[in-house]
Amino acid sequence: MTGKSHGINTICTHTGELEDKQFKGAISPLYMSTSYAFEDVDVKRYPRYFNTPNQVALAKKMAALEHGEAALIFGSGMAAVSTSLFAFLHNGDHVVLQNTLYGGTSNLVVEEFAKFGIEYSFTKDLKPESFEAEIRKNTKVIYIETPSNPLLTITDIKAVAEIAKKHELVSMIDNTFASPVNQNPIDFGIDVVIHSATKYMGGHSDILAGTVISSEEHINTIFQLAKNFGGSLSDYTVWLLERSIKTMGIRVKAQNKNAKKIAKFLERHPDIEKVYYPGLKSHPDYALAKSQMHGFGGMLSFELKAGLDAGLFQKKLNLIKSSMSLAGIESTILSPTLTSHALLTPEERENQGIRDGLMRFSLGIEEKEDLIADIEQALVEVRS
Ligand SMILES: *Cc1c(COP(=O)(O)O)cnc(C)c1O
């Protein structure tokens, strides 16, 4: 069963499932073997070779979800990011990266690349010409992330993919924030799509995983390094992830809906300075987001009015928990100033547009009325 002919929820539910020939069970059997007999088989099956039955089955689902030819499943999002980058970047090569990247990815680049003789440039902003401006003779890869964390900025996927093609570079995107439900970058010409499956794919805050989707050729290049790096995922977790993805379409659509409703509620609220959500007409890149996303996602950020304490606001919320991670079925919130961006100086934060009153909000699937009531009561407490 190939994915492209089916709709998202059908792919989520069925594509790649393993048939239980022995007992006719409804769901894929779990094969935990790390050892497979050589006799009469042409593949050497081993979990670190990314080719156990459950890994191969889930990779088919991933490829179908992102309209790619092939996929690999990794032990974390960062294993997927690092293996993909290192697979195409060698000593003496250069990579152009978007200036607003997930913190772990920035750390990987800034802390590790020099050791391997890999040069890098961050763009000055998200305009396509700013990516082209950074390209050098030895550039091999362009890397983007949209919508970005935590300000939900939007990068023009098609324009960047075209620049990459023109200069014969491999284009990569971190598609985690959108999920395959809301955005399929391969349709816009991107070569390599990466997800932290810990987020929307897992969706229940109980799985750490990653995935990469691309052409057969690029996946083979990444695989050659992946088997040496050894970042594969336990088959038990692969099996859990397959189960989680069955409901990803309906989960993410519910999260999109909640995010849009809450974004509109916050935009009208007198205690809120600003709302960052690509699905709001007030977002500077609303039209661009609309042109490349099927839905606007379950992530938004907002700023409390000056004088309202973000830390206190967070403490006064009852239903909405503060948490570092995101994309679960439960709504979570964090203050970047107090957590993810705490190590930066106030000036560095200001340069990145991270104000003290900023809150990053990951919408769950709760009833929107209950979320609004929780926010209202917390704001009353913070004001008093
Ligand atoms: C969480 C995250 C990652 C890293 O994924 P892990 O599964 O934590 O390794 C990468 N990119 C984005 C956008 C993320 O949110």
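Keep in mind it's a predicted model, so treat the numbers as computed, not measured. All ligand and atom numbering here is 1-based and tracks the order in the structure.
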Item checked: Donor-acceptor pair, side chain of His204 and main chain of Asp206, under 3.5 angstrom -> no
Notebook entry, point to check: Considering only heavy atoms, which of Phe74, Phe177, Tyr102 lies nearest to atom 10 (C) of ligand 1?
Noted result: Tyr102
Notebook entry, point to check: Do the side-chain N and O atoms of Thr100 and Gln352 include a donor-acceptor pair separated by under 3.5 angstrom?
Noted result: no
Next item on the list: Considering heavy atoms of the protein only, find what lies nearest to atom 7 (O) of ligand 1 and give residue, atom and distance to 0.1 Å.
Entry: Thr198 OG1, 2.6 Å
Next item on the list: Look at Glu112 together with Lys115 and state whether they make a salt bridge at an N to O cut-off of under 4.0 Å.
Entry: yes
Next item on the list: Taking the side chain as every heavy atom from C-beta outward, state whether Glu119 and Val95 have any pair of such atoms under 4.5 Å apart.
Entry: no
Next item on the list: Can you pull out the closest protein heavy atom to atom 1 (C) of ligand 1? Residue, atom name and distance to 0.1 Å, please.
Entry: Lys199 NZ, 1.4 Å
Check: Is there a heavy atom of Ala209 sitting under 4.0 angstrom from any atom of ligand 1?
Finding: yes
Item checked: Nearest-neighbour protein heavy atom for atom 5 (O) of ligand 1, which is reported as residue plus atom name and distance -> Ser196 OG, 2.9 Å
Next item on the list: Kindly state whether the ring of Phe122 and the ring of Tyr143 have centres lying under 6.0 angstrom apart.
Entry: no
Checklist line | Numbered atoms and elements of ligand 1 in range of Ser76, under 4.0 angstrom, heavy atoms | finding: 7 (O), 9 (O)
Next item on the list: Find out whether Pro47 and Asp235 are in side-chain contact, i.e. whether some heavy atom of one side chain is under 4.5 Å from a heavy atom of the other.
Entry: yes
Check: What do we get for Asn149 next to ligand 1 when only non-hydrogen atoms under 4.0 Å count, side chain, backbone, both or neither?
Finding: neither
Check: Out of curiosity, is Asp174 lining ligand 1, as in a heavy atom under 4.0 Å away?
Finding: yes
